[in-house]
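Inspection log for the structure reproduced underneath, given as structure tokens.
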Amino acid sequence: MGVVPVGLWRKIVKTGRVAEPAPPPPACPPPVPELAGSVQLRHVDAGSCNGCEVEIGSAFGPVHDAERYGARLVASPRHADALLVTGPVTRNMEVALRRTYEAVPQPRLVVALGDCARDCGAFKGAYGVAGAVADVIPVDVHVPGCPPPPEAIVAALRGITGR
Amino acid sequence: MTATLVQLFVVVAGAPLLVGFMRQVRARLEGRAGAGVLQPWRDLRKLLRKEPITPHGTGWVFRSAPPLLAGTALVVAAVVPLVTTASPLDVAADLFTVAALLALGSVALALAGLDTGTAFGGMGASREMVVLALVEPTILLSVFALSIPAGSTNLAAIVESGVDLISPVTLLVAAALVVVTLAETGRVPVDNPSTHLELTMIHEAMILEYSGPDLALVEWAESIRLAVLLGLLAALFLPAGIAGAGAGPLALLVAVAAFALKTSALGALLAAGEVFMAKLRLFRIPELLAGSFLMALLAVAASYFLT
Amino acid sequence: MTLYVVALGLCLAAALVPGAGRVAAWIAGLLTASGGALAAVAGGLALAGHGWQTWLPDLLPPVGVRLALDPLGGLFVAVTGGVAACAAVYGIGRSGRVVPLFVAAMLLVPAAASVGTFLACWELMAITSLALVLTEHRERGAVRDAGLWYAILTQLGLVAVLCGLLLLGHDGFDQLRAADLPPAVRNAAFLATLVGFAAKAGIVPLHVWLPRAYPEAPAPAAALMSGAMVNMGVYGLLRVGLDLLGGGPEWWWLVVLGLGALSALYGILQAAVASDLQRLLGYSSTENMGLVLMGIGTAGLLPGSPAGRLALAAALLHVVNHAAFKTLLFQAAGSVTRTTGGRNLDAMGGLRTRMPYTTAIFAVGALCASALPPGNGFTSEWLLLQSLLHALPGSGVAVAVTMPLAVGVFALSAGLAVATFVKAFGVGFLARPRSQAAELATESPPTMLAGMTLAAAACVFLALNPGLVLSALPGAHPVGGLVTLELAGLTGSISPLLLAVAIAVAAAGVLAALRKTGRVRRAARLWDCGAGPMSARMEYTATSFCEPLQRVFDHTLAPEGGVDVRSAKESAYLVERVEFRASVPDRVERTLYGPVLAAARAAGERARRLADGSVHRYLGYGFYALTGALIVLAVLA
């Protein structure tokens, strides 16, 4: 398997923990009791400018570490409990989004991430946009911001997992 | 019998914890906080309460694969001497049988992947079968090399006879079996268990269609397989602490503790290794497996001439 | 003996049933089936020790026909009878009158007790099987090609067996056993017969007829040939090598072991990349016969030792198991071909909903053939592996060198067999249909299903009760116990029955525990990444399934293929047609037989110049030949 790179090891030791201390847990209980403590997310880019994607990456990165609260990104909507939808829903993604929602087993949640997902944001009225996420599938949680900061994303996810 | 039940319980309850522990080790090495050792159990609890889905166009093969996979994993967990060598099934199954049972579970999943008729399912099944076809010979040869000193392939006999830790045979077999374990459990560098990218998947691609309790069974069985294979590695090369026939409760307690310690240590090593390694390209994997096959072949040849 | 004669009589009567109508065909089929069943019982009785012998001096003068049934012959009669019963039920109303004749010939071969009788029966078996292969020669040209290959190889095999047995110089098998032959004669006889028997068993490099003949023969005939006839090669090897010649020097068995190992590996490698279902099954026969030969080779290497006895028992059990699952698989494959009209796995798929029964039966066969528990193939391969393991040092350098290699080959072929049968079952029967023929497939008629069910029942029985068969095998019993098989004199045990029960209990327990949890199951559309709908063309085919394997074994298989791009006349950038070709030719056939065939063809072309149609020239040939003969005679006198 090759020699363990000493440099990397030294770096791991020197860096230590980069995850920031956890803010206090959410006060209210999770909206769906079945999903307490564990929420798998399938991310759907319905037409985003990829600003939200960068923030999602940051939320699941080492600093904010959303995984420590029981949230995890997965590959298949069958494995998912919640959809993480970003961007206004473009016409090309409308059917795909609806089908993805259908593919998620019950009980399921939809998290609309960013201002575009809430009200199409800057793209409102554009010819290629079919509408906000809530126009296509029922939305349970909105995360405002353009793009929403990772802290807000993590807080929203903690609201679902209850941790 | 009691000892085997204890072993079965420890494996069944502890396997997800092992997975959680390994994720935790990885998280810490990456500077994260980690979701905690209990997270896999939380995931399983949640999945059990969710809705199972049968995709259109799938049939009994798709439906029966998870229980079959779990069934074989349970039988293997009852046979392999992890905590005790006095399994009532020891006469019914030996090390070859264990390898074949693990293969049976993989075959069930591969057929389920093919049954969905999706491109990803077929892709996963095809890749899994290639890896299996190349891993199987290494397992059989390693078993062979290990069983020559004991004169038997029965697990209790091998474990009780013990192995000479510094002989070249043992080292070669150990190296070969480590590669096999990585491949069988779908870890880096053969497969990446935490990938989200379908095209790089092997194992995960076959189970993309499972949800709810079905998925829970598959994930649970996979964690059992991981725990059993790591435990088997530990038992074969470091059998200290395993309770013999007619052991008292104290010996059993010691055995459980030793098993937990050994598998966690191996799991931690594995998780740490994953931090330092990247996944191999698919067509590089056969080279790795061929290397392990060669090591096993050398081990068999050496054991013929050295004993 | 009476039973055996009645069984033979029933088969002959079936061959002679007059008329060509449906009723006559039914009667013939029923007679053959009952003949096969009776023969199975007769063979079983011989196995149990009720052997017999007889001499019919008036048949086949001047030496007469000698028949005898000992336990070894009884085993092969029983297997043949069982396969014949299944195949006959399967083919009721459809099989011709050659099938019962073929069955009778195969029943006679293991009972022959003299060289003359043996050769006569062997030839009868060869000719009837050739007629069966050629059944559909009017419909397809490929049948004639396959028939030619088969005819040449089987007749060359007969010549080899004939030469070998005639070298021994006695007619009766009893005399041969007592004869004291010089080593050179024994060696020559063994090698010559080995060639003949290997050709019959489909051993590499004499296997080339097998992947050609099986796809072209009708399903019952293919089942009979692969389930029963290939065993006759094994029987011949055992009879001549171990019985008549009473064992031999080490190198004999090393050759057998080597041939077996080569066949096992090469056969399964070709099967793994084949996308023609029947061809795949044919190559799998080569693999399994290779494993049997490995067992026989080990048994010959270690005569009298527990490991040697174990190897022989494992080989014989594998013969029985292979007969059961291969009969089943060929019947199921035949049912698929009957309704879809094709053999290409790439064009199948989705047969699960249209042919549920055939699918379930093929699944049983595939499980057995991939040597996974709780299938029957697992037990015999396990025993074989144990015998290789216990052939410990102390048996000489040759054994110490060969055994690790043998285990390596065995292990590789075991892994590839799993991949092969996952492909055959998963791609052929599961998912969605990939062609219109597969979409319109219908379930087979009840008689075919009955034949398959019989074979499946035999597989299940053998899988759960190998102890019963092992205790009945001829020779010393190296394995004891009925439920738990314990190796006698060695340490090691296994219990297929307990194992099957344990898996079933565990799986059922898991299901029962999950019953209360979760919500109501829901049906939903496939996850097609939100795009869709997915067409069957997006599915993995047999070719794509084995592509990674093919790439891994690139150097051994030497696959051929390429992309042809035809562009328009106006510009090279305007593509009219893109064509992709891929095939995996049989490399042994190409490198070994290609030059021979080319040389023969060249010689034939040259000889054609001698016969140019001129009468004068022919008269001249006669004149010169006569003169030459006279001169030779004059010189000799």
Side-chain angles (χ1 to χ4, degrees), chain B residues 48 50-57 59 61 67-68 70-72 74-75 89 91-94 96-97 100-101 103-104 107 110-111 114-119 122-123 125-127 129-130 132-134 136-137 140-141 144 147 151-154 157 208-209 212-213 217 283 286 297 300-301 304, chain C residues 352-353 370 372-373 378 382 385-386 389 392-393 400 403-404 407-408 410-412 414-416 418-419 422-423 425-427 430-432 484 491-495 498-499 502-503 506-507 510-511 514 517-528 534 538-540 544-545 548-549 551-552:
Chain B
L48 285 178
K50 289 204 66 160
E51 171 192 56
I53 289 181
T54 309
H56 290 309
V61 174
L68 192 58
T72 55
L74 281 180
V75 173
L89 279 175
V91 289
D94 65 345
F96 287 136
T97 320
L101 282 174
L104 181 66
V107 164
L111 286 176
L114 280 171
D115 195 26
T116 58
T118 59
M123 186 187 76
S126 163
R127 292 176 177 181
M129 281 302 110
V130 172
L132 179 85
L134 298 177
E136 198 71 2
L140 292 190
L141 277 180
F144 201 93
S147 57
S152 167
T153 53
N154 271 42
L208 281 178
E209 287 287 347
L217 265 189
F283 287 105
L297 195 62
V300 173
Y304 262 97
Chain C
R352 182 197 56 227
T353 44
S370 52
L372 288 176
F378 174 71
W382 185 83
L385 208 47
Q386 290 292 341
L389 167 70
L392 277 168
M403 284 308 144
V407 173
F410 180 95
L412 257 178
L416 287 170
V418 174
V422 165
K423 178 184 74 173
F425 178 63
V427 174
L430 304 182
R432 290 188 306 282
T484 304
T491 44
S493 63
I494 187 184
S495 172
L498 263 180
L499 213 55
I503 296 174
V510 166
L511 268 186
L514 287 192
T517 63
R519 303 188 165 202
V520 183
R521 192 171 277 275
R522 166 167 75 102
R525 60 180 283 143
L526 277 171
W527 172 236
D528 44 19
M534 270 195 285
M538 295 176 189
E539 286 175 67
Y540 254 50
S544 45
F545 187 86
L549 263 183
R551 229 198 249 208
V552 172

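Per chain, numbering begins at 1; letters A, B, ... match sequence-line order. In this text, all values refer to a predicted model and were calculated from it rather than measured experimentally.
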Heavy-atom pair of closest approach, residues [X] and [Y]:
X	Y	result
C:L499	B:A92	CD1-O, 4.0 Å
B:M129	C:V418	SD-CG1, 4.1 Å
C:L372	B:A100	CD2-O, 3.6 Å
B:V75	C:A506	CG2-CB, 4.1 Å
C:P404	B:L297	O-CD1, 3.7 Å
C:M534	B:A119	SD-N, 4.5 Å

Interatomic distance, [X] atom [atom1] to [Y] atom [atom2] [nearest 0.5 angstrom]:
X	Y	atom1	atom2	answer
B:T153	C:Q386	OG1	CD	3.5 Å
B:D94	C:I494	CG	CD1	6.0 Å
C:L412	B:L141	CG	CG	8.0 Å
B:T116	C:W527	OG1	CH2	13.5 Å
B:I53	C:L526	CD1	CG	11.0 Å

List the steps and the verdict of side chain to side chain contact (heavy atoms under 4.5 Å, CB included) for B:N154 and C:S493. CA-CA 7 Å; B:N154 271 42; C:S493 63; 3.5 Å; yes
Considering only heavy atoms and a distance below 4.5 Å, find which of [options] pairs most often with chain C.
options	result
B:G117, B:G59, B:G57	B:G117
B:L140, B:V91, B:L134	B:V91
B:A133, B:A157, B:A103	B:A133
B:A70, B:G212, B:G71, B:G122	B:G122

With no hydrogens and no angle check, is any side-chain donor or acceptor of B:E136 less than 3.5 Å from a backbone partner on C:L416?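 Such a contact is absent between B:E136 side chain and C:L416 backbone.
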Hey, which of [options] has the most heavy atom pairs under 4.5 Å with chain B?
options	result
C:T353, C:L511, C:L498	C:L511
C:E539, C:R432, C:R521, C:M403	C:R521
C:F378, C:F545, C:F410	C:F545

Between [X] and chain B, which part of the residue has a heavy atom less than 4.5 Å away: side chain, backbone, both or neither?
X	answer
C:S544	backbone
C:V407	both
C:W382	side chain
C:V510	side chain
C:R551	side chain
C:R525	both

Measure the shortest side-chain to side-chain distance between [X] and [Y] over non-hydrogen atoms and say whether it is less than 4.5 angstrom.
X	Y	answer
B:L101	C:P373	yes
C:D528	B:T118	no
B:L104	C:I503	yes
B:V107	C:S370	no

